[in-house]
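Each remark here refers to the structure printed beneath this line.
Side-chain atoms are counted along with the backbone in the values below, which use heavy atoms only and exclude waters and symmetry mates. All figures in this text were calculated on a predicted structure; none of them were measured in a lab.
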Amino acid sequence: MKALVTGASGGIGQAIARALAASGAQVALSGRNRAVLTELAAHLPGSVVVSADLQSQHESEALADRAFDALGGLDALVNCAGIVRYAEVAAITRRDLLEQLEVNFIAPLLLAQRAAELMQRGQGGAIVNVASTLALRPALGTAAYAASKAALVSMTRAFALEL
């Protein structure tokens, strides 16, 4: 299996990357901390680092292609990257809202679109989008984050119906 994992420089994304590699997968690691990714790649046979700024539409769109080229194919995409900016509803700034939407929803959408195209050239594949329980039950100070993850959940359901 050849998989791209975003958010692989820490937390859940890193755990997923490690688990995939332990099961024999070749993993393209993407995340914010290139030094951590490079260190991780040194311990995961068959892994490569393919970093991208998920706030950039161009880089988000190109990431699946870069992983495909680096791995020689793509069988799985795990969209695990995410950011949260805690703020009460009245204090949410446009910048914070757009940043969370870009990383938590738009980038996964663009990546999933392109990954699906690439996977359909071969044997197909799997796309996993990591959301949050906050998408269904927001907590205080998480309105923008919860909305971005709720959009991701809805998009995932639509992709499942169409693909």
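Shown here for Ala17 and Leu29, the closest heavy-atom pair between the two residues is CB-CD2, 3.6 Å. Across all non-hydrogen atoms, the minimal contact from Ala64 to Ala115 is CB-N, 4.1 Å. The two residues Gln100 and Val84 have their closest heavy-atom pair at OE1-CA, 3.5 Å. Here the shortest heavy-atom pairing between Leu152 and Pro108 reads CD1-CB, 3.7 Å. Looking at every heavy atom in both residues, Glu59 comes nearest to Asp53 through OE1-N, 2.6 Å.
The distance from atom CG of Leu111 to atom CG of Leu4, rounded to the nearest 0.5 Å, is 6.5 Å. Leu110 CG to Leu54 CG: the interatomic distance, rounded to the nearest 0.5 Å, is 9.5 Å. Between Leu101 atom CG and Leu97 atom CG the span is 4.5 Å, to the nearest 0.5 Å. Atom CZ of Phe105 is separated from atom CG of Asn129 by 10.0 Å, given to the nearest 0.5 angstrom. For the atom pair CD1 of Ile106 and CE of Met155, the computed distance is 10.5 Å after rounding to the nearest 0.5 Å. Between Arg121 atom CZ and Phe68 atom CZ the span is 5.5 Å, to the nearest 0.5 Å.
For the pair Ser154 (side chain) and Ala150 (backbone), a donor-acceptor distance under 3.5 Å is absent. In this structure a side-chain-to-backbone donor-acceptor pair under 3.5 Å is present from Ser30 to Val50. For the pair Ser47 (side chain) and Gln26 (backbone), a donor-acceptor distance under 3.5 Å is absent. Checked by atom type and distance alone, the side chain of Arg66 pairs as donor or acceptor with a backbone atom of Ser51 at under 3.5 Å. Between the side chain of Asp75 and the main chain of Lys2, a donor-acceptor pair closer than 3.5 Å is present.
The residues Arg85 and Glu99 are annotated as salt-bridged, a charged nitrogen and a carboxylate oxygen being separated by less than 4.0 angstrom.
A side-chain donor-acceptor contact under 3.5 Å links Glu61 and Gln57. A donor-acceptor contact under 3.5 angstrom links the side chains of Ser148 and Asn104, judged on distance only.
Under a hydrophobic clustering in which Ile, Leu, Val, Met, Phe, Trp and Tyr are joined whenever their side-chain heavy atoms come within less than 4.5 Å, directly or via other members, Ile12 and Leu20 fall into the same cluster. Following chains of ILVMFWY side-chain contacts shorter than 4.5 Å, one cannot reach Leu74 starting from Val5, and the two form parts of different hydrophobic clusters. Hydrophobic clustering (ILVMFWY, side-chain heavy atoms < 4.5 Å, transitive): Val78 and Val49 are in one cluster.
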Identify all side-chain donor-acceptor contacts of residues 36-45 below 3.5 Å with residues at least two apart in sequence or on another chain.
residue, atom, partner, partner atom, Å
Thr38, OG1, Arg34, O, 2.9
His43, ND1, Glu39, O, 2.9

Please tabulate, for side-chain N and O atoms in residues 130-145, each donor-acceptor pair with protein atoms closer than 3.5 Å (sequence neighbours left out).
residue, atom, partner, partner atom, Å
Ser132, OG, Leu134, N, 3.0
Thr142, OG1, Ala139, N, 3.0
Thr142, OG1, Ala139, O, 2.6

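By the 6.0 Å contact criterion, CE on Met1 is open, its count of non-hydrogen atoms from other residues, nucleotides or ligands being 12 or less.
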